Amino acid sequence: MIRNHLSTIIITIVTATMGVIAAIAFGKMHHPEELFPSDGLTGKVMLSDYFEGIKGTNGDTEVYLYDSGIEGGTALLCGGTHSNEAASFLSTVVILENLKVTSGRVIIIPRLNNSSFTCSDPMEGFPAFYEIPTKNGTRRFRLGSRVTNPLDQWPDPLVFAQYPSNQQLSGFETRNLNRAYPGRPDGSLTEKVAYAIIQLIDKEKVNIAFDLHESSPEVPIVNVIVYHENYEDIAMGAILGLEMANLQFSPETSPKNFHGLSHREWGDYTDAIPFLMETSNPSMGRLRGETNVDLVLRGYSDNYKKAKETGALRIAYREDTGEPIEHRVGRHIMGIVELLNSYNLYYPDKQIVIENLPDYDLIMGKGVGEFLNN
């Protein structure tokens with residue numbers, strides 16, 4: 001009898017301990033990592049300052065302001081629309097922690113869908129966190145979900161009717177921020193976040209806006225710059241500049257009949273010039289095999305190597321070296337730089353001049369961690 005009683009106590013203690021450990025780990029997902037902006041930072045506000053409807057929710061997120069004090073244009077740089085796309089978020093962090101603006105303004109939102117950083121995608125096996133070594137220690141970052149946390153927005157409908165187009169999509173897409181623009185103030189949390197972003201673009205008079213993404217190597221829309229049809233000249237000028245730097249980007253016009261996406265609705269509903277960029281990330285694909293931190297960061301997969309060698313698939317995958325995080329972050333940063341250079345040629349009275357960002361070769365040579373503060 002005593003032995004059974006002791007066993008019950010031990011099992012209870014072990015179970016309670018495991019519960020506490022799990023609760024602590026779960027709680028960490030709701031606390032964003034500290035970022036360390038460069039000395040050029042001039043202000044920090046919240047997205048809810050542009051729309052109070054998301055205040056106090058997990059949809060609210062930090063907005064970082066860099067004002068040169070010299071008259072010019074305003075750029076908006078967004079990462080973390082899909083928080084399981086590591087290079088999207090990390091690229092904005094590298095820029096945030098190194099940026100110097102010498103003309104105009106830059107606004108950075110690293111966690112555009114903040115709620116998506118607090119959960120993972122079921123059945124995908126993504127690691128919860130990944131770590132980047134830096135000069136002053138290791139930085140740990142969250143790898144989240146493609147969509148808003150279901151705890152923040154539930155249930156999903158069977159069919160998602162995109163507002164205001166009434167375009168019919170899978171119910172899962174109701175929590176995809178990049179299907180929710182232009183949003184609405186009385187909609188779901190995801191639609192409210194989209195609405196807040198549109199309000200920011202209008203109130204801050206954003207001239208050019210970037211939405212950073214990653215996609216699987218086997219999809220057609222990868223290693224591309226997607227542009228609104230009104231701004232083809234700027235996109236083509238940037239792609240030429242990138243070709244001269246030995247970086248190949250494919251131009252892709254935003255489809256007029258696919259609604260809810262940033263490169264479509266930012267261009268239709270605001271005065272901003274929108275661009276979306278995609279890098280090739282094997283951890284996003286269906287051929288990837290085991291999904292772990294090494295795949296997320298090193299970007300090497302035997303499955304994709306074999307697929308490339310067969311020639312049976314048209315995939316954007318570098319079979320010898322894979323798609324490491326340095327390559328993907330470097331491409332994003334160089335894409336932004338060249339798009340701004342091209343924009344400045346067409347809008348000399350609204351110049352946006354940035355400095356102190358590492359180029360592709362530096363990032364490839366020294367690693368992403370070399371350009372992260374601590």
Side-chain angles (χ1 to χ4, degrees), residues 23 26-37 41-67 74-84 88-89 92-93 96 105-120 141-142 144-157 160 162-164 173-206 209-212 260-262 265-266 269-272 274:
F26 183 79
K28 287 181 179 179
M29 297 180 184
H30 291 259
H31 297 284
E33 308 91 347
E34 185 178 3
L35 304 181
F36 303 93
L41 183 73
T42 55
K44 178 182 171 184
V45 297
M46 299 298 291
L47 186 58
S48 59
D49 291 325
Y50 300 91
F51 173 55
E52 287 192 355
I54 62 170
K55 191 171 185 178
T57 73
N58 280 334
D60 206 359
T61 190
E62 300 93 343
V63 178
Y64 298 85
L65 309 174
Y66 291 75
D67 190 338
T74 297
L76 172 64
L77 171 59
C78 300
T81 293
H82 300 145
S83 60
N84 60 341
S88 160
F89 170 67
T92 59
V93 175
L96 178 85
R105 299 189 305 157
V106 174
I107 301 171
I108 303 177
I109 310 178
R111 302 181 184 95
L112 199 63
N113 187 355
N114 186 68
S115 172
S116 73
F117 282 85
T118 67
C119 64
S120 295
F141 298 105
R142 180 80 173 96
S145 170
R146 178 176 173 82
V147 294
T148 299
N149 193 327
L151 294 179
D152 295 327
Q153 181 181 317
W154 187 259
D156 293 344
F160 167 49
Q162 198 275 338
Y163 175 84
E173 298 289 4
T174 190
R175 290 183 284 123
N176 184 347
L177 180 57
N178 206 33
R179 301 294 182 271
Y181 298 109
R184 47 183 165 178
D186 57 349
S188 67
L189 177 63
T190 308
E191 288 176 316
K192 288 178 179 179
V193 171
Y195 180 80
I197 294 162
I198 294 291
Q199 299 312 298
L200 181 154
I201 291 173
D202 282 341
K203 291 176 182 178
E204 295 292 352
K205 296 180 170 57
V206 172
F210 304 95
D211 189 13
L212 305 185
L261 296 95
S262 57
E265 312 302 354
W266 291 0
Y269 283 88
T270 78
D271 293 328

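Worth saying up front: this structure is predicted, and the values here are computed from it rather than measured. Just so it is clear, the values below take in all heavy atoms, side chains as well, and ignore hydrogens, waters and symmetry mates.
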J.: Any side-chain donor-acceptor pair under 3.5 Å between Thr74 and Arg105?
T.: yes
J.: What is the minimum heavy-atom distance between Glu33 and Arg111, and which atoms define it?
T.: O-NH2, 2.7 Å
J.: Between Asn58 and Thr118, is any side-chain donor less than 3.5 angstrom from a side-chain acceptor?
T.: no
J.: Could you list the residues that satisfy ring-ring contact (aromatic ring centres under 6.0 Å, His included) with Tyr181, not counting sequence neighbours?
T.: Trp266
J.: Under a plain distance cut-off of 3.5 Å, with no hydrogens placed, do Thr42 and Asp67 share a side-chain donor-acceptor pair?
T.: no
J.: Measure across Arg142 and Phe117 and return the closest heavy-atom pair with its distance rounded to 0.1 Å.
T.: NE-O, 2.8 Å
J.: So, using side chain to side chain contact (heavy atoms under 4.5 Å, CB included) as the criterion, who are the partners of Ser88 when residues are at least two apart?
T.: Glu85, Leu212
J.: Where is the tightest heavy-atom contact between Ala272 and Ile201, given as atom of each residue plus distance?
T.: CB-CG2, 3.8 Å
J.: Give the C-alpha distance, both sets of side-chain angles, the deciding distance and a yes or no for side-chain contact (heavy atoms from CB on, under 4.5 Å) between Leu200 and Ile109.
T.: CA-CA 11 Å; Leu200 181 154; Ile109 310 178; 4.0 Å; yes
J.: Within the 3.5 Å criterion, strictly below it, is a donor on Thr148 or Asn113 matched to an acceptor on the partner's side chain?
T.: yes
J.: When the side chains of residues 46-54 are checked against the rest of the protein, which donor-acceptor pairs come out under 3.5 Å, sequence neighbours left out?
T.:
unit_1: Ser48; atom_1: OG; unit_2: Asp60; atom_2: OD1; d: 3.4
unit_1: Ser48; atom_1: OG; unit_2: Asp60; atom_2: OD2; d: 2.6
unit_1: Asp49; atom_1: OD2; unit_2: Met46; atom_2: N; d: 2.9
unit_1: Tyr50; atom_1: OH; unit_2: Glu204; atom_2: OE2; d: 2.6

J.: So if I apply the side chain to side chain donor-acceptor pair (under 3.5 Å) rule between Thr190 and each of Arg175, Arg179, Gln153, which one comes out positive?
T.: Gln153
J.: Compute whether any side-chain donor of one residue and acceptor of the other, for Thr81 and Asn178, lie under 3.5 angstrom apart.
T.: no
J.: Got a second to check how far Ser262's OG is from Ile198's CD1, nearest 0.5 Å?
T.: 9.5 Å
